[in-house]
Number of protein chains: 2
Amino acid sequence: MTRIPPADRRAALVQAALRVIARDGVTAATTRRIVGEAGMSLASFHYVFESRDELMAELVNAVVSSEQTDLEPALDASRAPIGIRAAIRSGLQHYFDGVRADPDREKAMFELTQWALREPGFAPLAGRQYDRYYELAERAARDAAALTGSVWNRPIAEIARLLVTLTDGVTIAWLVTRDDAAAERALDFAADALAAFAEPADGGAAVGSLLHNPNAGIR
Amino acid sequence: MTRIPPADRRAALVQAALRVIARDGVTAATTRRIVGEAGMSLASFHYVFESRDELMAELVNAVVSSEQTDLEPALDASRAPIGIRAAIRSGLQHYFDGVRADPDREKAMFELTQWALREPGFAPLAGRQYDRYYELAERAARDAAALTGSVWNRPIAEIARLLVTLTDGVTIAWLVTRDDAAAERALDFAADALAAFAEPADGGAAVGSLLHNPNAGIR
DNA sequence: GTCTATAACCGGATAGAC
DNA sequence: GTCTATCCGGTTATAGAC
């Protein structure tokens, strides 16, 4: 067959493995299934990868660095300025729409985390996966505040962790129950609770924060 | 060997499987490993179980019905009455202490859920697992309100779902990062946010709720 | 470099002796 | 009823032809 540069072959196998994992789970991602998905021979696999574990490590790294889980508020430049609560809620909705559009992908992310937690020597990979999540959440939190002229009154790293904690919880519950309405209510709750940690950037912040009604906007 | 009633043998195998899963994960729970753990022969397994799937189904059912994950506030009858926020926080701490005391068990619960979600025909089992969680959370929410003379101003089923969503998120984050301080902060956050959904049982509820400061008690 | 063929092993499940 | 021995398919990884 035509020769393929090893780097390209590795990348192709990682992508094939990701498709298999999304479709059938980490357990189903055997070397044979992966090379089948990639249209290669088994020997080609072991020509560019020492072992299945080596591929899995590269796969998690690829997932982590390409991860674009989107918590950014869906921006519409032409729209009127919105409050921080609406910005958070919009970002959460954006994320959740992604989950609903591709549940298998989300299931795969959880499976990869748990696989890494279980596989000896791979736990740090799960840590890096979550560091990346926190990084993305932090960016989203920063943008939401900037967009609405707000400031967070707690360290942004804490806000980011809460965001990930909440989205994880909502995602798992939805994957199990597929209850859209309950998920939306949980996102309302999350937006309300997080908005309580933001205040207007100008001086008159304290009063606004104190009087903020955490129930506002929950239907 | 000595004869063992089939029901006892089934139970013993389920318990052995649970130990293997907690120790080494669902993937490692092969029939051979399970019978090894139980000190039986492979044939004994297939004498009382049609297949490995049949054991797994019984195992999840056993887990679900014996599940005693404890979200109840740690009560001390001799202690002064406490507010709803403290009661919730105490229950969450109680739960989290359990997670920290036996992380493998918690990891196993997540793995079982994901295994069921993935295995054809077993998704309803994951649903029942979560129904049970919601049931336990609902009981805890009811008790916390009764204990503190409060009433929930939202359906208790919603409170229960939020509780499970929050504990799931906190648990996953902790299993990955092992960051105790961050978990405690998240539990503070959860207690504050949930307390906003409770009011004193007597008439003067509205004002108290409106003025409730969701940041109170977060260190 | 890429292939086919195979080694070496582990999985669930079963046959048949006792 | 419980055992040992075995079947058979699937797994990772490698050997060796081309």
Side-chain angles (χ1 to χ4, degrees), chain A residues 1-21 23-60 111-112 115-116 118-122 125, chain B residues 1-21 23-60 108 111-112 114-116 118-122 125:
Chain A
M1 283 291 180
T2 53
R3 186 185 173 281
I4 300 176
D8 293 4
R9 196 177 281 280
R10 284 171 74 99
L13 284 167
V14 166
Q15 289 307 311
L18 273 175
R19 289 195 298 275
V20 172
I21 289 174
R23 198 189 314 124
D24 301 312
V26 171
T27 309
T30 65
T31 54
R32 279 177 165 80
R33 291 283 288 273
I34 294 167
V35 297
E37 175 78 21
M40 297 181 193
S41 74
L42 181 54
S44 297
F45 180 100
H46 283 289
Y47 182 72
V48 292
F49 283 113
E50 186 75 17
S51 66
R52 180 179 175 275
D53 273 2
E54 189 187 316
L55 170 127
M56 289 297 287
E58 181 150 318
L59 183 147
V60 175
E111 284 188 357
L112 277 177
W115 173 86
R118 191 61 87 173
E119 195 78 359
F122 284 79
L125 269 185
Chain B
M1 284 292 177
T2 52
R3 188 186 172 279
I4 301 176
D8 293 3
R9 196 177 280 280
R10 287 171 72 98
L13 284 167
V14 165
Q15 289 307 311
L18 273 174
R19 289 194 297 274
V20 173
I21 288 174
R23 198 189 315 124
D24 302 312
V26 172
T27 308
T30 65
T31 53
R32 282 175 165 82
R33 291 282 289 273
I34 294 167
V35 296
E37 174 78 22
M40 296 181 194
S41 75
L42 182 54
S44 296
F45 181 99
H46 284 288
Y47 183 74
V48 291
F49 283 112
E50 186 74 17
S51 65
R52 179 177 177 275
D53 273 2
E54 189 186 316
L55 170 126
M56 289 298 286
E58 181 151 318
L59 183 147
V60 175
E111 283 187 359
L112 278 176
Q114 294 199 335
W115 173 85
R118 192 59 87 172
E119 196 78 358
F122 283 79
L125 269 186

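Residue numbering restarts at 1 for every chain, and letters A, B, ... go by the order of the sequence lines.
Between A/Ser41 and the phosphate of C/dC3, there is a side-chain N or O to OP1/OP2 separation shorter than 4.0 Å. For C/dT2, one of the phosphate oxygens OP1 or OP2 lies less than 4.0 angstrom from a side-chain nitrogen or oxygen of A/Arg9. Put simply, B/Thr30 has no side-chain N or O that comes within less than 4.0 Å of OP1 or OP2 on C/dC10.
The separation between B/Tyr47 atom OH and D/dC3 atom C1' is 13 Å, rounded to whole Å. For the pair B/Met56 CE and C/dG12 C1', the computed distance is 14 Å after rounding to whole Å. In this structure, A/Asp24 places its CG atom 16 Å from C1' of D/dT11, rounding to the nearest Å. D/dT2 atom P lies 6 Å from atom CZ of B/Arg3, rounded to whole Å. If you take CG of B/Asp8 and P of D/dT2, they are 11 Å apart, rounded to a whole angstrom.
At a threshold of 4.5 Å between non-hydrogen side-chain atoms, the residues B/Leu55 and B/Val48 do not count as touching. Considering only heavy atoms from C-beta on, B/Trp115 comes within 4.5 Å of B/Met56 through its side chain. Two residues are said to be in side-chain contact when any heavy atoms from C-beta on lie closer than 4.5 Å; A/Arg9 and A/Phe45 fail this criterion.
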Kindly give the atom pairs (protein nitrogen or oxygen, nucleotide nitrogen or oxygen) under 3.5 Å for nucleotides 13-18 of chain D.
{"unit_1": "D/dA13", "atom_1": "OP2", "unit_2": "A/Arg52", "atom_2": "N", "d": "2.9"}

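Between B/Glu37 and B/Arg32 there is no salt bridge, since no side-chain N of the basic residue sits under 4.0 Å from a carboxylate O of the acidic one. Under a 4.0 Å N-O distance rule, the pair B/Glu54/B/Arg10 qualifies as a salt bridge. Salt bridge annotation for A/Arg33-A/Asp24: present, with a cationic side-chain nitrogen under 4.0 angstrom from a carboxylate oxygen.
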